[in-house]
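Note that the structure is predicted; figures quoted are calculated from it, not measured.
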Amino acid sequence: MPLHRLFLLLMTLLPTLPAAAFDTPETPLVIGHRGASALLPEHTLAAYARAIADGADYIEPDLVATRDGVLVARHENEIGDTTDVAQRPEFASRKRKQVIDGETFEGWFTEDFTLAELKTLRARERLPELRGRAHDGRYGIATLEEIIALAEEHAARTGRSIGLIPEIKHPSHFQRIGLPMEQRLLDTLAAHAYAREAPVVIQSFEQANLRALRKHLGAAHRNIRLLQLLGPPDEQPGDALAAGKPTRYADLMTPAGLQEIAAYAEIIGPWTRLLMPVAEDGTLGTPTALMADARASGLQVWPYTFRPENQFLPAAMRESDDPRTRSEAGALEEIRAYLALGIGGFFTDDPALGRRAVDDR
């Protein structure tokens with residue numbers, strides 16, 4: 001029997017647990033944020049492969065839709081900075097402005113391209129001022145199906161299951177333009193034997209689509225959990241903004257708001273500083289109440305995003321004044337401080353460092 005078939009057979013023999021039975025893991029989970037994006041252009045198959053090789057437990061594709069309804073991995077549906085589309089004269093006329101979640105954006109948008117057209121583009125580094133452009137032009141845009149196949153191929157070779165943690169980007173926007181992604185995501189997962197059994201967590205910064213997904217997740221989706229992402233306290237979820245409601249992320253982070261989230265999701269994903277802010281002296285300050293309140297509501301906490309460059313680290317953990325400098329010691333110190341809070345997993349641009357922080361505790 002081929003190794004991947006044996007792997008899937010063994011997974012089907014494991015007991016099926018209801019969503020509520022997923023406790024905080026004993027060993028915190030390392031999530032490759034858009035792949036190993038500190039090292040390779042984000043959301044490319046090469047970045048995901050590197051994340052897996054570096055010890056990630058999950059890989060994270062941000063999902064947007066093409067004009068023909070295919071789910072592809074991009075941080076945003078505007079791709080002017082993360083692909084070479086601006087250098088492609090045949091697509092010059094596609095540049096336009098549109099309002100997404102209350103903000104005006106100008107550029108090139110995935111919903112204006114077919115998958116075949118997007119496949120002619122090449123990925124570029126999103127943060128070139130910090131990470132350079134050595135890998136620009138080497139990789140293409142990946143589909144969700146290709147990412148699933150990559151995880152399955154790894155499982156076939158090693159017997160180690162890699163979880164998938166897709167984020168549905170701008171769901172209200174894509175629903176408004178007739179390209180809703182939720183059912184497409186479930187259909188794509190259901191079409192692959194690996195994705196029907198491997199751990200899957202679906203994320204969103206909005207609430208309405210997660211509530212709708214909860215209603216669709218029955219006995220056939222026992223491997224899927226939901227994660228409510230939390231943005232800056234004063235900002236609004238896109239669905240609240242579209243509906244004219246006053247809800248802000250600050251409201252979701254109250255004890256009552258967290259209990260509301262626990263009715264449809266198992267996990268929250270806050271920005272790291274919402275759990276432990278940086279003090280005036282550049283060290284990590286006193287933890288907020290969010291961690292304790294979330295756990296009191298039965299929610300796991302998987303914060304985002306740990307990055308190794310000085311630009312993103314508390315001042316006391318940096319190695320020089322150059323924002324581009326990688327401070328591995330500082331990055332490990334930062335991750336370990338959050339692990340001490342009891343987080344169940346975390347998103348990192350450098351899964352190798354995340355793996356070290358977990359394994360060397």
Side-chain angles (χ1 to χ4, degrees), residues 17-29 31 33 58 60 101 163 165-172 182 199-217 221-222 224-278 284-306 335 337-348:
L17 301 177
F22 284 103
D23 297 324
T24 299
E26 292 184 9
T27 301
L29 298 166
I31 301 166
H33 183 242
Y58 280 76
E60 186 220 20
D101 296 343
I165 183 164
E167 179 190 342
I168 301 172
K169 300 291 291 190
H170 304 298
S172 289
E182 289 74 16
V200 175
V201 176
I202 298 174
Q203 320 167 70
S204 177
F205 275 101
E206 297 188 12
Q207 290 186 284
N209 65 329
L210 291 181
R211 293 180 189 275
L213 280 168
R214 173 55 61 202
K215 295 177 181 178
H216 286 86
L217 298 181
H221 304 96
R222 293 296 182 93
I224 299 178
R225 289 176 286 171
L226 302 180
L227 184 154
Q228 177 68 63
L229 290 163
L230 299 173
D234 289 339
E235 291 188 5
Q236 290 187 272
D239 53 337
L241 190 65
K245 295 181 179 179
T247 304
R248 299 184 182 277
Y249 286 111
D251 301 316
L252 304 188
M253 290 184 271
T254 64
L258 293 166
Q259 289 177 6
E260 181 182 336
I261 291 172
Y264 62 84
E266 292 85 9
I267 312 161
I268 59 168
W271 179 42
T272 55
R273 305 304 182 230
L274 296 174
L275 294 172
M276 190 159 36
V278 176
L284 288 174
T286 303
T288 68
L290 180 57
M291 184 74 195
D293 289 344
R295 296 179 76 172
S297 297
L299 291 163
Q300 294 185 36
V301 180
W302 297 7
Y304 66 88
T305 303
F306 294 98
I335 294 171
Y338 283 86
L339 290 174
L341 294 178
I343 59 175
F346 60 94
F347 296 80
T348 174

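Closest approach of S204 to I168, counting heavy atoms only: OG-O, 4.1 Å. Between L217 and I224, the closest heavy-atom pair is CD1-CG2, 3.9 Å. In terms of heavy-atom proximity, P166 sits nearest to V201 at CD-O, 3.1 Å. P171 and E182 make their closest contact through CB-OE2, 3.4 Å (heavy atoms, listed as atom of the first residue, atom of the second, distance). In terms of heavy-atom proximity, P255 sits nearest to S297 at O-OG, 4.1 Å. Across L290 and L258, no two heavy atoms sit closer than the pair CD1-CD1, 4.0 Å.
One finds the CD1 atom of I165 at 6.5 Å from the CD1 atom of I267 (value rounded to the nearest 0.5 Å). Interatomic distance, I261 CD1 to Q228 CD, rounded to the nearest 0.5 Å: 5.0 Å. One distance of note links CG of L213 with CZ of R225; it measures 15.0 Å at 0.5 Å rounding. The CD atom of E260 lies 7.0 Å from the CG atom of L252; values are rounded to the nearest 0.5 Å. To the nearest 0.5 angstrom, D239 atom CG is 6.0 Å from Q207 atom CD. Distance CD/Q203 to CD1/I268: 12.5 Å, rounded to 0.5 Å.
In this structure a side-chain-to-backbone donor-acceptor pair under 3.5 Å is present from Y249 to F205. For D101 (side chain) and G238 (main-chain N/O), no donor-acceptor pair under 3.5 Å exists by modelled atom type. In this structure, T288 contributes its side chain and L274 its backbone to a donor-acceptor pair below 3.5 Å. Side-chain atoms of T272 do not come within 3.5 Å of backbone N or O of P303 as any donor-acceptor pair. Of the possible polar contacts, none joining the T254 side chain to the A250 backbone as a donor-acceptor pair under 3.5 Å is found. Using a distance-only test at 3.5 Å, with no hydrogens or angles considered, no donor-acceptor pair links the side chain of E266 to the main chain of L227. Using a distance-only test at 3.5 Å, with no hydrogens or angles considered, no donor-acceptor pair links the side chain of E60 to the main chain of E167.
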Steps toward side chain to side chain contact (heavy atoms under 4.5 Å, CB included) verdict (T348, H33): CA-CA 5 Å; T348 174; H33 183 242; 5.7 Å; no
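Residues passing the side chain to side chain donor-acceptor pair (under 3.5 Å) test with S172, sequence neighbours excluded: E206.
When side chains are defined from C-beta on, W271 counts as touching Y304, because their heavy atoms get closer than 4.5 Å.
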Please output the side-chain donor-acceptor pairs of residues 229-236 that fall under 3.5 Å, not counting sequence neighbours, one pair per line with the distance.
{"unit_1": "Q236", "atom_1": "NE2", "unit_2": "K245", "atom_2": "O", "d": "2.5"}
{"unit_1": "Q236", "atom_1": "NE2", "unit_2": "T247", "atom_2": "O", "d": "3.3"}

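Centroid-to-centroid, the aromatic rings of Y338 and F346 stay 6.0 Å apart or farther.
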